[in-house]
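Take a look at the structure set out below.
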Amino acid sequence: MPTRITVVHYSATGNVTRLARAIAEGATEAGADVRLRRVPETAPDDAVAANPAWSAHRAAVEAEDGIPIASLDDLAWADGIALGAPTRFGLPAAQLKQFLDQTGGLWAAGTFSNKVVTAFTAASTTHGGLESTVLALLNTAYHWGAVILPLGYTDPVVFRTGNPYGTSWVARSGSTPDDDALAAARHQGRRLTRVAGALAATAEPR
Ligand SMILES: Cc1cc2nc3c(=O)[nH]c(=O)nc-3n(C[C@H](O)[C@H](O)[C@H](O)COP(=O)(O)O)c2cc1C
């Protein structure tokens, strides 16, 4: 049975979605059955409308062939989970936190104890909180009792992208993730699949 990977993320202007797609591609390359998901927008419509990049991205992900909304089942189903959100004042965007805060029932049932969790982000400045955002996302995984999977320098590309905590992109002047960032994300997806698959193989048959 293929390893099950869920990539769940929030993105306002598309950078984290680009990384999420690359993580999903890497997981697929490694043989996983992959669910790429987004969490609902919770910002007021007028805030979204005031930012053309935000409204364009929202329209794209809500289009007919866009990315489905995440459900709690997408988390329960998975052997491995990648969590992604943009950096907001050094922390993950609240939209993803709102979704994670609905996992109390799964947490109480011990659902996450044999799952592997990794994280990724985008910000606009090098020292603007990439690492603190990834670490904050993973705080939830500690409480879940999941196995935390760092990116580490487990592929040469991380020596160029520079963040062993998790794939990240610095969107200077509106730039979008470059080839190295996307390669790091694909590697993170492959690595998540390998580790989550190995752990799932030790669990009771499903
Ligand atoms: C309210 C708000 C707070 C932000 N806070 C930070 C921050 O603390 N550090 C930083 O480098 N960038 C910050 N940014 C920039 C975003 O993290 C950056 O544009 C990111 O690439 C957006 O990702 P997305 O395209 O997936 O939405 C902030 C943006 C907004 C709108």
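What's counted below: heavy atoms across the whole structure, side chains too, no hydrogens, waters or symmetry copies.
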Transitive ILVMFWY side-chain link Leu137 to Val8, under 4.5 Å = yes
Which is it for Phe120 and Val134 under the side chain to side chain contact (heavy atoms under 4.5 Å, CB included) test, yes or no, and what are the steps along the way?
-> CA-CA 6 Å; Phe120 58 104; Val134 170; 5.7 Å; no
Identify whether the distance between the nearest side-chain nitrogen and carboxylate oxygen of Asp74 and Arg37 falls below 4.0 Å.
-> yes
State, without any angle test, whether Tyr10 and Glu41 hold a side-chain donor-acceptor pair at a distance under 3.5 Å.
-> yes
For residues Asn163 and Val158, determine if any side-chain heavy atom of one lies less than 4.5 Å from a side-chain heavy atom of the other.
-> no
So which heavy atom on Arg18 is nearest to which on Thr13, and how close?
-> NH1-O, 4.0 Å
Have Thr167 and Gln188 got a donor and an acceptor in their side chains that come within less than 3.5 Å?
-> yes
Any side-chain hydrogen bond (donor to acceptor under 3.5 Å, both in side chains) pairs touching residues 129-140, not counting sequence neighbours?
-> Thr87-Thr133
Heavy-atom neighbours of Arg190 CZ exceed 12 at 6.0 Å | yes
Between CG on residue Leu151 and CZ on residue Arg191, distance to nearest 0.5 Å = 7.0 Å
Does the side chain of Trp77 come under 3.5 Å of the side chain of Thr6 through a donor N or O and an acceptor N or O?
-> no
To the nearest 0.5 Å, how far apart are CG in Leu36 and CD1 in Ile5?
-> 12.5 Å
Between the CG atom in Leu182 and the CD atom in Glu25, the distance rounded to the nearest 0.5 Å is 8.0 Å
Student check: side-chain heavy atoms of Leu100 and Trp107 closer than 4.5 Å = no
When you look at CG of Asp179, are more than 12 heavy atoms from neighbouring residues, nucleotides or ligands closer to it than 6.0 Å?
-> no
Side-chain contact test, heavy atoms from C-beta onward, threshold under 4.5 Å: evaluate it for Val116 versus Asp79 and give yes or no.
-> no
Check for a donor-acceptor pair, side chain of Asp33 on one end and backbone N or O of Pro2 on the other, with a separation under 3.5 Å.
-> no
Of all pairs that satisfy salt bridge (Lys or Arg N to Asp or Glu O under 4.0 Å), the ones with a partner from residues 155-173, not counting sequence neighbours | Arg160-Asp180
